[in-house]
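See below for the structure under consideration.
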Amino acid sequence: MSSLEKPTACILCECNCGILAELGGSDSRRLLKVMGDRAHPASRGYACEKAHRLDHYQNGRDLLTAPLRRRGDGTFEEIDWDTAIREVSQRLSRVRDEHSGDAVFYYGGGGQGNHLPGAYSTATRRALGSRYRSSALAQEKTGEFWISDRVMGSSTRADFEHCDVALFLGKNPWQSHSIPRARVTLKTLSKDPARTLIVVDPRRTESAELADIHLQLRPGTDAWMLTALLAVLVEEELFDQDFVSRHVVGAESLFEVLKSVRIAEACAHAGLPESLVRRTARLIGGAKAFSSFEDLGVQMSHHSTVVSYLHRALIALTGSFGKPGTHFVPTVLVPLTGGASRRTSPVVSAPIISGLIPCNVIADEILCDHPKRYRAMIVEAANPAHSLADSPRMRQALRSLDTLVVIDCAMSETAALADYVLPAATQFEKAEATFFNFEFPHNTFHLRQRLFAPEGARLPEAEIHSRLVEALEGLGEAVYKPLRDARAIGLEAYAQALMPVLFDPKLSGLAPVILYRTAGLEEAQREGAVLLGIAFKAAMENGESLARAGFAGTPIESAIKLFEAILNQPSGVVFAVDDWSQMMARLGTPDKKFHLDLPDMIEVVRDLAAQGPSARDARFPFVLSAGERRSYTANTIIRDPMWRKKDAQGALRICPSDAEGLGVVTGDSVALTTSTGSAVVPIEVSDTMQPGHVSLPNGLGVSYPSDEPEFGSGKAAGVAPNELTASSSRDPFVGTPWHKHVPARVERA
Ligand SMILES: Nc1nc2c(c(=O)[nH]1)N[C@H]1C(S)=C(S)[C@@H](COP(=O)(O)OP(=O)(O)OC[C@H]3O[C@@H](n4cnc5c(=O)[nH]c(N)nc54)[C@H](O)[C@@H]3O)O[C@H]1N2
Ligand SMILES: Nc1nc2c(c(=O)[nH]1)N[C@H]1C(S)=C(S)[C@@H](COP(=O)(O)OP(=O)(O)OC[C@H]3O[C@@H](n4cnc5c(=O)[nH]c(N)nc54)[C@H](O)[C@@H]3O)O[C@H]1N2
Ligand code: SF4
Ligand SMILES: [Mo]
């Protein structure tokens, strides 16, 4: 490692691969060169092509440099931090005092790699009495969380490195990753004749190209495909009878429905040859170790929650849990998953899963005269004006709020609508970390140290929340001073002095800020302070896993050892070591069994088996998948369109016969229309697509000040997918959107 090579992580997807960044340039503020960091315990030197373009994030032209306040005429003016903190805390506390903290809604808290803001924001929310919140997870994963919680009381991940049969359901890991070293794992699976890679996707994706079996079903028909697959398992007695009798409750009620399924018909509904579905069922049923992963292709499409249930049934009935190469429950530092709470949303009574309001009802919860509507909103490290369904209505909702405060490092579509924009340090201008830690049996955590001082007036979120909490609660030296004195003695004395704070009902909710102000960390790691509290909680809950990783002792001792290791290992640390033998005990159900007798799900499976997919609206003969992950897409984390080495305008992919029917070729533009809106977009004719299906990339259509004539100053490159989606098109149980199945019309432009 040269002196200019600094360990950090890529922030463009949830893998957060460890990288070494070579810093330089005239101002020494550029990421000149990036390579995979072999010392990172999970990615072990792996990085994909996107990481090489991170300088476009750090040096984006629309990064904010000062707090902004909206003027009466709608434009922004720069203000100083003292004014910003005073006015924001006054306006938010006024909403709280007039209507209760429930009227202050919090959205975001982190993107793909920055989860410390969410940890600090809990203190601000506590100070405001704000209880309702949401994040991107509530437009993708809450169906899976809800079902997993009901079936097994926990959420699982899978061990693709050691399985002999791998299934990707509505997931294209070649581009989207989500598992460590995805391309290496896919290629290894593909090359090994003793192992089978199965991909379920209506497109022939890069992952499907490598697969032994590609189930290229019709969009939105996964429920029929899975029902047929499970019915074959039952009919041919391919399921794991021993596992089912010992570890599964209620399988009979599902079996009863599956026995009545007309397999040939269900396969026909999915557009798949029955022989291929049977072959797939036999491979999965006969697997020594079966691993699977479902993602947006099913979670954002018809019957999403039912598909999550059928997927869980496939895991349980094949006994694919708790042994190498199958599914496991990871030890987590901060739990991100959870079941339904007893409360519902205040206006439309939507379910709250994992503590999150369904994203598709947020606009409904604002745009009404209901006394309990949200009147103020804090948006942090998220861009809901771009990422949530029906952007025109979302903009209307955000504009109608009494107060919108946005904490972001760039002038996002959401920041552009705010009353106050608070400029955050970028992820390389502060210490940051991800809580997407799902490795097994060795689980890893990486606190990245800051690479640069924040530019202009940008501040780390930890500092912003501390100032807000101090303004709201009068928190200050009376609390800080004794803790700083203890810290001067050592970490042990400090941790002891913290105990009364952590157990004080008034102060415990403000602990992240107290830690930040008193932990006395070096500048490059300062935002890591909250991790001492998180480590303590982990030591209380998962002491044995931490001890096996070398952090043994009382919870305080264990937490201090882990905290020190996190600070001293700039490429990441193994914080938990587990064993397959503990897995059954990790099921969160009271009897430690899988529960497949969910009457609501079984009823839907029965109904679906009796009928086919619903007929298409003749006005919209195409299915649009709005938001495909491609080589140079990363949500809206990088806003400069020049970061994309290819496909700068984000072409709409369409199959050759459909293109021929329209009389268009690659590079021509078409008009793409849905019930919500219309856009003109260039096409790419691709034989990876099937007739009637078109696919638009994710994360495009963000505005950016650019000199490039092809983009025009301040104009957006490409189509923002949610100008075309509808918030009513969503799962009936949990409210997740059906972005992958938007009825659309394609015409020559
Ligand atoms: N390059 C890149 N990587 C990313 C991201 C990014 O923006 N860019 N974003 C990250 C994030 S936030 C997430 S959540 C993940 C998402 O990762 P993925 O879920 O893998 O991403 P998508 O490309 O949105 O959808 C996966 C596939 O679903 C398929 N699909 C569409 N309709 C159906 C259907 O009816 N049935 C089935 N079975 N499949 C269908 C699509 O053809 C597509 O190939 O990616 C992460 N990684
Ligand atoms: N139609 C359609 N819509 C989709 C999807 C789809 O497939 N189709 N995918 C959905 C999915 S899976 C996801 S996860 C969401 C993602 O959507 P969002 O969760 O809304 O997040 P991002 O687009 O990742 O935007 C992240 C924001 O964080 C800012 N940011 C970056 N670094 C920092 C930082 O250090 N601090 C702060 N405060 N801000 C920072 C960026 O400037 C950006 O404005 O989009 C969803 N929307
Ligand atoms: S985009 Fe994801 S897989 Fe690629 S280098 Fe970054 S974190 Fe790793
Ligand atoms: Mo996502």
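All figures in this text were calculated on a predicted structure; none of them were measured in a lab. Each ligand, and each atom within it, is numbered from 1 in the order the structure gives.
Counting heavy atoms only, Thr636 comes closest to atom 23 (O) of ligand 2 of the residues Thr725, Thr636, Ile464, Val702. For atom 5 (C) of ligand 1, the nearest non-hydrogen atom from the set Arg629, Glu14, Arg204 comes from Arg629. The closest non-hydrogen atom to atom 8 (N) of ligand 1, taken over Ile638, Val200, Thr633, comes from Thr633. Considering each of Gly297, Cys48, Ser625, the one bringing a non-hydrogen atom nearest atom 30 (N) of ligand 1 is Gly297. Taking all heavy atoms of Leu724, Thr414, Asp408 into account, the minimum distance to atom 29 (C) of ligand 2 is reached by Asp408. Considering each of Ala136, Gly699, Ala381, the one bringing a non-hydrogen atom nearest atom 28 (O) of ligand 2 is Ala381. Atom 43 (C) of ligand 1 has its nearest heavy-atom neighbour, among Val199, Asp201, Asn172, in Asp201. Of the listed options Ser301, Pro202, Pro697, Gly220, Pro202 places a heavy atom closest to atom 32 (N) of ligand 1. For atom 36 (N) of ligand 1, the candidate residues are Leu12, Val623, Asp222, Leu624; the nearest heavy-atom contact is made by Asp222. Closest heavy-atom approach to atom 20 (O) of ligand 1 within the set Ser695, Ser176, Ser387: this belongs to Ser176.
Residue Glu140 has at least one heavy-atom neighbour below 4.0 Å for each of these atoms of ligand 2: 12 (S), 14 (S). The ligand atoms of ligand 3 that sit less than 4.0 angstrom from a heavy atom of Leu12 are 1 (S). Every atom of ligand 1 is numbered from 1 in the order shown, and the set under 4.0 Å from a heavy atom of Arg630 is 1 (N), 2 (C). When each atom of ligand 2 is checked for a heavy atom of Lys430 under 4.0 Å away, the hits are 34 (C), 35 (O), 36 (N). Numbered from 1 in the order shown, with element, the atoms of ligand 1 that lie under 4.0 Å from a heavy atom of Thr205 read 44 (O). Close contacts between ligand 1 and Pro219 involve ligand atoms 35 (O) [criterion: under 4.0 Å to a heavy atom]. The ligand atoms of ligand 2 that sit less than 4.0 angstrom from a heavy atom of Ala424 are 36 (N), 37 (C), 38 (N). Near Asn698, the atoms of ligand 1 lying under 4.0 angstrom from a non-hydrogen atom of the residue are 7 (O). Remark: ligand 1 atoms within the under-4.0 Å shell around heavy atoms of Cys13 are 47 (N). Contact atoms of ligand 2 toward Tyr57: 31 (C), 32 (N), 33 (C), 35 (O) (distance under 4.0 Å to a heavy atom of the residue). With ligand atoms numbered from 1 in the order given, ligand 2 contributes 33 (C), 34 (C), 35 (O), 36 (N) to contacts under 4.0 Å with heavy atoms of Asn114. For ligand 3 and Ala51, the ligand atoms under 4.0 Å from any heavy atom of the residue are 5 (S). Set against the non-hydrogen atoms of Ser412, the atoms of ligand 2 under 4.0 Å away are 44 (O). Annotation for ligand 1: atoms under 4.0 Å from non-hydrogen atoms of Gln175 are 1 (N), 2 (C), 3 (N). Against a heavy-atom cut-off of under 4.0 Å, Pro721 is close to the following atoms of ligand 2: 1 (N). Residue Glu628 has at least one heavy-atom neighbour below 4.0 Å for each of these atoms of ligand 1: 23 (O). Each of the following atoms of ligand 1 lies closer than 4.0 Å to a heavy atom of Arg203: 41 (C), 42 (O), 43 (C), 44 (O).
To the nearest 0.5 Å, atom OG of residue Ser412 and atom CZ of residue Arg639 are 5.5 Å apart. The structure places CZ of Arg653 at 7.0 Å from OG of Ser695, a figure rounded to the nearest 0.5 Å. Atom CZ of Arg526 and atom CD of Gln449 lie 12.5 Å apart (nearest 0.5 Å). Ile464 contributes atom CD1, which lies 3.5 Å from atom CH2 of Trp81 (distance to the nearest 0.5 angstrom).
Only backbone heavy atoms of Asn16 (N, CA, C or O) come within less than 4.0 Å of ligand 3; its side chain stays farther off. Only side-chain heavy atoms of Met300 come within less than 4.0 Å of ligand 2; its backbone N, CA, C and O stay farther off. At a heavy-atom cutoff of 4.0 Å, ligand 2 is contacted by the side chain of Ile637 but not by its backbone. Contact annotation: for Pro117 versus ligand 2, there are no heavy atoms closer than 4.0 Å. If you look at Gln139 next to ligand 2, the close heavy atoms, those under 4.0 Å, all belong to the side chain. The parts of Asn635 lying near ligand 1 are both backbone and side chain, judged by heavy-atom distances below 4.0 Å. With a heavy-atom cut-off of 4.0 Å, Leu388 does not touch ligand 2 at all. Residue-level proximity to ligand 2 for Lys740 is carried by the side chain, the only part with a heavy atom below 4.0 angstrom.
Applying salt bridge (charged side-chain N to carboxylate O under 4.0 Å, His left out) to Glu294 and the options Lys141, Arg312, Lys171 leaves one that passes, Arg312.
Here the side chain of Asp731 pairs a donor or acceptor atom with the backbone of Val734 at under 3.5 angstrom. Formation of a donor-acceptor pair under 3.5 Å by the Thr633 side chain with backbone atoms of Arg629 is not found in this model.
Summary of contacts: the protein heavy atom closest to atom 38 (N) of ligand 2 is Glu461 OE2, 2.8 Å. Here the protein heavy atom with the shortest distance to atom 5 (S) of ligand 3 is Cys48 N, 3.2 Å. The nearest protein atom to atom 8 (Fe) of ligand 3, hydrogens excluded, is given as Cys17 SG, 2.3 Å; this is a heavy-atom distance.
Residues His303 and Tyr309 place their aromatic rings such that the two centres sit no closer than 6.0 Å. You'll find the ring centres of His465 and Tyr516 outside the 6.0 Å limit.
The shortest N or O to N or O distance between Glu380 and ligand 2 is not under 3.5 Å. On a distance-only criterion, Gly627 and ligand 1 share at least one N/O pair closer than 3.5 Å. For Tyr107, no nitrogen or oxygen atom sits less than 3.5 Å from a nitrogen or oxygen atom of ligand 2, counting backbone and side chain alike. Among the atoms of Ile407, some N or O lies under 3.5 angstrom from an N or O of ligand 2. For ligand 2, the polar-atom distance check against Thr426 finds no nitrogen or oxygen pair separated by under 3.5 Å. At least one N or O atom of Gln427 sits closer than 3.5 Å to an N or O atom of ligand 2.
Among the atoms of Cys10, an N, O or S atom is found under 2.8 Å from atom 6 (Fe) of ligand 3. Taking backbone and side-chain atoms together, His177 has no N/O/S atom less than 2.8 Å away from atom 4 (Fe) of ligand 3.
Residue contacts with ligand 1 include Lys171, since one of its heavy atoms falls under 4.0 Å from the ligand.
Residues Glu144 and Ser155 have side chains not in contact (no heavy-atom distance under 4.5 Å, counting atoms from C-beta outward). Within the 4.5 Å cutoff, the side chain of Leu314 has heavy atoms near those of the Leu167 side chain.
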